[in-house]
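Lettering follows sequence order; numbering is per chain, from 1.
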2 protein chains.
Amino acid sequence: MLALVVPIAKRRKEDVTVKLIAVFKQLIAEGTLEPGGRLPAERELAESFGVSRSSLRQALKVLEIMGVISQRVGDGTYLNKGADAILREPMEFLILLDGISAHELMEARLLVEPELAARAALRASEEDIAEIHRELGAMEAAKDDHAKFVAHDLLFHQAVFHAAGNRVTSLMFSVVHKSLDKLITMTSQVVEPEHTLTLHRRIYQAIRKRDQDESRRRMTEHLVDARDLLTRAAEKQSHFQMTARIQTLKKKEPRPSR
Amino acid sequence: MLALVVPIAKRRKEDVTVKLIAVFKQLIAEGTLEPGGRLPAERELAESFGVSRSSLRQALKVLEIMGVISQRVGDGTYLNKGADAILREPMEFLILLDGISAHELMEARLLVEPELAARAALRASEEDIAEIHRELGAMEAAKDDHAKFVAHDLLFHQAVFHAAGNRVTSLMFSVVHKSLDKLITMTSQVVEPEHTLTLHRRIYQAIRKRDQDESRRRMTEHLVDARDLLTRAAEKQSHFQMTARIQTLKKKEPRPSR
DNA sequence: CTGAGGGGAATGGTACTACCAATAAATTCC
DNA sequence: GGAATTTATTGGTAGTACCATTCCCCTCAG
């Protein structure tokens with residue numbers, strides 16, 4: 001059964017914060033705010049909108065965490081240009097809350113990337129192919145540095161995405177890649193770099209030959225291999241490790257019996 | 001050329017808000033907070049963490065917009081179970097900021113959904129197929145109500161996603177679908193509902209027959225058709241329309257010459 | 001005229017207080 | 001025993017005060 005998506009009309013009393021976010025959305029859409037541009041100071045904005053600075057700051061904080069804007073003390077607030085980081089935080093929570101496993105993330109890649117490789121073979125420009133080749137070279141150069149090796153591995157895949165010419169999937173899967181980064185790094189320590197390199201070389205060659213079918217096959221071959229490795233590695237790992245906390249949290253029961 | 005992802009180490013002074021979000025992430029990860037569970041009151045939490053309620057509220061607001069928690073006045077704050085909405089807001093901003101067009105969104109669908117249809121033909125359970133059929137029926141029943149018709153159209157596709165059994169892609173494309181909703185509704189007013197229905201029926205039949213190749217073909221057929229219709233319709237539309245604003249915004253130049 | 005340095009103003013970050021409105025549990029009343 | 005009312009709790013908003021950082025302009029020395 002499908003999860004109920006609740007398109008319910010509960011538009012009734014919206015937060016001021018929510019309204020503010022909608023306003024910013026509109027201002028961006030109509031071009032009043034331009035990427036890279038500077039926003040008025042918080043105190044001014046708050047007055048303009050007729051809300052308190054507290055409320056405005058809540059909205060701005062949301063936008064900042066999502067990567068829409070950047071704030072710097074003593075300087076100001078700026079609308080970001082591209083927003084690569086915009087999906088990162090949400091995605092991490094998604095993985096936590098829905099308990100999405102590395103296996104599922106790899107399945108998603110397996111579902112999409114082969115087709116994208118085929119598309120890349122069809123539409124890649126010479127520059128795109130050169131970029132893919134560069135990342136391949138960077139991988140070779142970083143054989144001994146696992147972190148670097150994996151970083152360029154993922155950049156290789158991003159380059160393929162770029163060559164396929166679809167920003168939507170590219171953006172989406174940059175997050176998936178990022179989420180898998182740590183796990184892949186762990187895995188790479190028990191795999192011969194040359195093995196990974198061989199698989200990547202085949203993908204590159206296929207795209208370079210403009211062979212759609214082979215590109216698709218080679219990408220599938222690589223990802224199936226990676227998925228199996230990853231799944232085994234993941235079984236030994238319980239979960240992700242998050243960053244430090246501020247203070248100790250009183251673990252009192254959240255059940256105030258009133 | 002790929003966009004520079006700025007992996008720069010600027011971990012220096014993090015916001016209290018950012019730290020708090022990290023704390024919540026950890027609390028969720030280690031199971032101290034359970035989905036559906038109730039969080040302590042804001043005033044208590046703020047004291048526990050040793051931060052002001054203002055700062056805490058900023059963090060909570062971020063989590064609420066992302067769909068991680070729900071807050072109700074007079075009641076309390078609860079950790080959500082699934083977080084369906086978690087990618088919606090970020091995705092909308094992404095589309096705005098990167099200026100992603102409806103055409104590109106449809107291209108993304110065209111890239112992914114055919115393969116997913118094939119996967120659905122392979123892995124769909126009887127219940128999955130029944131669900132797809134139900135949405136088909138709902139479309140037929142809503143021939144005259146454009147909004148409803150389109151809603152069930154998208155639910156049909158969601159059902160196929162579900163049948164394919166990959167939550168990651170399902171979540172991602174629920175956002176894409178949502179973004180296209182209005183535009184598709186407009187388009188549907190100039191298209192014979194029977195035309196759309198026919199294409200959907202073919203997809204359903206193919207999946208039901210467990211024919212992967214035909215499922216893929218039929219989904220491609222449908223989306224190519226939809227894309228062309230949509231692209232033509234979009235050309236006449238400048239942009240999206242967002243919801244209302246609170247008050248008039250002083251359009252003063254964001255260039256305080258100090 | 002040029003460059004280095006200092007001071008002031010503006011900005012975001014945080015804390016704290018006060019009050020409102022909505023909610024749910026406890027209480028009272030019929 | 002059930003319905004209406006009261007009461008305490010909770011999130012929502014506004015407003016103030018103060019801090020640390022940053023930028024800009026002005027001054028002054030060379």
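- Considering only residues two or more places apart in sequence or on other chains, A/Glu42 meets the salt bridge (Lys or Arg N to Asp or Glu O under 4.0 Å) condition with A/Arg53, A/Arg57.
- Partners of A/Ala164 under the side-chain contact (heavy atoms from CB on, under 4.5 Å) rule, at least two apart in sequence or in another chain, are A/Leu116, A/Arg119, A/Ala120.
- Residues satisfying the side-chain contact (heavy atoms from CB on, under 4.5 Å) criterion with A/Ala147, sequence neighbours excluded, are A/Asp145.
- A/Gln158 and A/His177 are linked by a side-chain donor-acceptor pair at a separation below 3.5 angstrom, with hydrogens and angles left out of the test.
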Legend entry - Nucleic acid footprint by protein, nucleotides 12-19 of chain C - heavy-atom cut-off 4.0 Å, B for base, S for sugar-phosphate alone: BBBBB-BB

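- Evaluation of the side-chain contact (heavy atoms from CB on, under 4.5 Å) rule for A/Ser54 yields A/Ser52 as partners, not counting sequence neighbours.
- By the neighbour-count criterion of 12 heavy atoms within 6.0 Å, atom CD of A/Gln189 is densely surrounded, having more than that number from other residues, nucleotides or ligands.
- Put simply, the residue from B/Glu113, B/His157, B/Arg109 that forms a side chain to side chain contact (heavy atoms under 4.5 Å, CB included) with B/Val176 is B/Arg109.
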Pairs: protein N or O with nucleotides 5-7 of chain D N or O, under 3.5 Å:
none

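- There is no side-chain donor-acceptor pair under 3.5 Å between B/Ser125 and B/Glu127.
- With rounding to whole Å, B/Ile69 atom CD1 is found 15 Å from D/dT10 atom P.
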